[in-house]
Amino acid sequence: AQSVTQLGSHVSVSEGALVLLRCNYSSSVPPYLFWYVQYPNQGLQLLLKYTTGATLVKGINGFEAEFKKSETSFHLTKPSAHMSDAAEYFCAVRATGNQFYFGTGTSLTVIP
Amino acid sequence: DTGVSQNPRHKITKRGQNVTFRCDPISEHNRLYWYRQTLGQGPEFLTYFQNEAQLEKSRLLSDRFSAERPKGSFSTLEIQRTEQGDSAMYLCASSLGQVLNTIYFGEGSWLTVV
């Protein structure tokens with residue numbers, strides 16, 4: 001079975017500060033991992049994904065994530081937060097089959 | 001705009017009425033997905049099509065829900081005898097070819113059952 005846990009439903013950072021959004025997964029097979037962002041009243045947009053190969057993955061808007069198998073984690077980071085980063089962020093895992101399993105999301109607030 | 005298109009974007013209906021949502025995937029995408037998202041939760045898988053064939057259905061998809069993709073292009077999701085618990089955003093997504101290809105989401109259709 002696959003599942004995702006996002007630690008912290010709300011995260012607040014100051015503009016220019018480091019963003020760290022946590023995601024831990026559970027999977028019985030090698031997972032494929034994704035981060036999506038959702039702005040109010042909109043659908044989900046892919047930020048980045050890990051399938052195989054390099055464990056540090058770079059995405060759009062300056063975000064990156066590192067796959068750590070030993071820690072079953074796929075945390076999302078950005079060195080310097082921007083006001084436009086305020087949104088809901090979802091981690092997702094896809095293993096066997098065609099289903100994505102999403103976490104419950106982390107709402108990011110950026111304080112000016 | 002060549003993204004995934006959903007309509008209507010918002011629907012308010014009385015309990016017991018039927019509603020239908022339409023999804024137009026990205027052109028030539030052979031895979032189409034429906035998800036449901038409630039406030040404070042992540043999207044939950046409902047069903048998946050490859051071309052016109054509905055290959056997977058979640059246990060969340062009760063017998064009041066039916067989805068079709070008759071020509072392997074657009075899809076409809078119908079909810080019969082709506083209940084207040086059906087209030088949610090219904091997200092459609094599509095992808096091309098390989099299983100691990102990125103899935104692209106539409107902007108969703110909000111349903112409010114009063």
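Order of the sequence lines sets the chain letters (A, B, ...), proteins ahead of strands, with each chain counted from 1.
Ring to ring, B/Tyr35 and A/Phe100 are not that close: their centroids are 6.0 angstrom or more apart.
Nearest heavy atoms, A/Phe90 versus B/Gln37: CZ-NE2, 3.2 Å. Nearest heavy atom pair, residue A/Leu44 against residue B/Pro43, reads CD2-CG, 3.9 Å.
Around the OH atom of B/Tyr104, the shell of radius 6.0 Å holds no more than 12 heavy atoms that belong to other residues, nucleotides or ligands. Heavy-atom neighbours of B/Ile12 CD1 from other residues, nucleotides or ligands within 6.0 Å: at or below the threshold of 12. Within a 6.0 Å sphere centred on CD of A/Glu15, other residues, nucleotides and ligands contribute more than 12 heavy atoms.
Here the CD-CZ distance, from A/Gln42 to B/Arg9, works out to 7.5 Å after rounding to the nearest 0.5 Å.
Residue A/Tyr89 is not grouped with residue A/Leu20 when hydrophobic side chains (ILVMFWY) are merged at heavy-atom distances under 4.5 angstrom, including chains of intermediate members. A single hydrophobic cluster is not seen to contain both B/Phe49 and B/Leu91; linkage of ILVMFWY side chains at heavy-atom distances under 4.5 Å, directly or through other members, places them apart. Note: the hydrophobic cluster containing A/Val11 also contains A/Trp35 (ILVMFWY, side chain heavy atoms under 4.5 Å, direct or indirect links). The hydrophobic clustering, which links ILVMFWY residues whose side-chain heavy atoms are closer than 4.5 Å, places B/Phe45 and B/Leu111 apart.
With a 4.5 Å cut-off on non-hydrogen atoms, A/Leu46 touches chain B through its side chain but not through its backbone. Proximity to chain B (any heavy atom under 4.5 Å) is restricted, for A/Gln38, to the side chain, taken from C-beta onward. When heavy atoms are compared at a cutoff of 4.5 Å, B/Glu44 does not approach chain A at all.
Remark: side-chain polar atoms of A/Tyr36 are not paired, donor with acceptor, to backbone N or O of B/Phe105 under 3.5 angstrom.
A heavy-atom distance below 4.5 Å is found between the side chains of B/Ile103 and A/Arg94.
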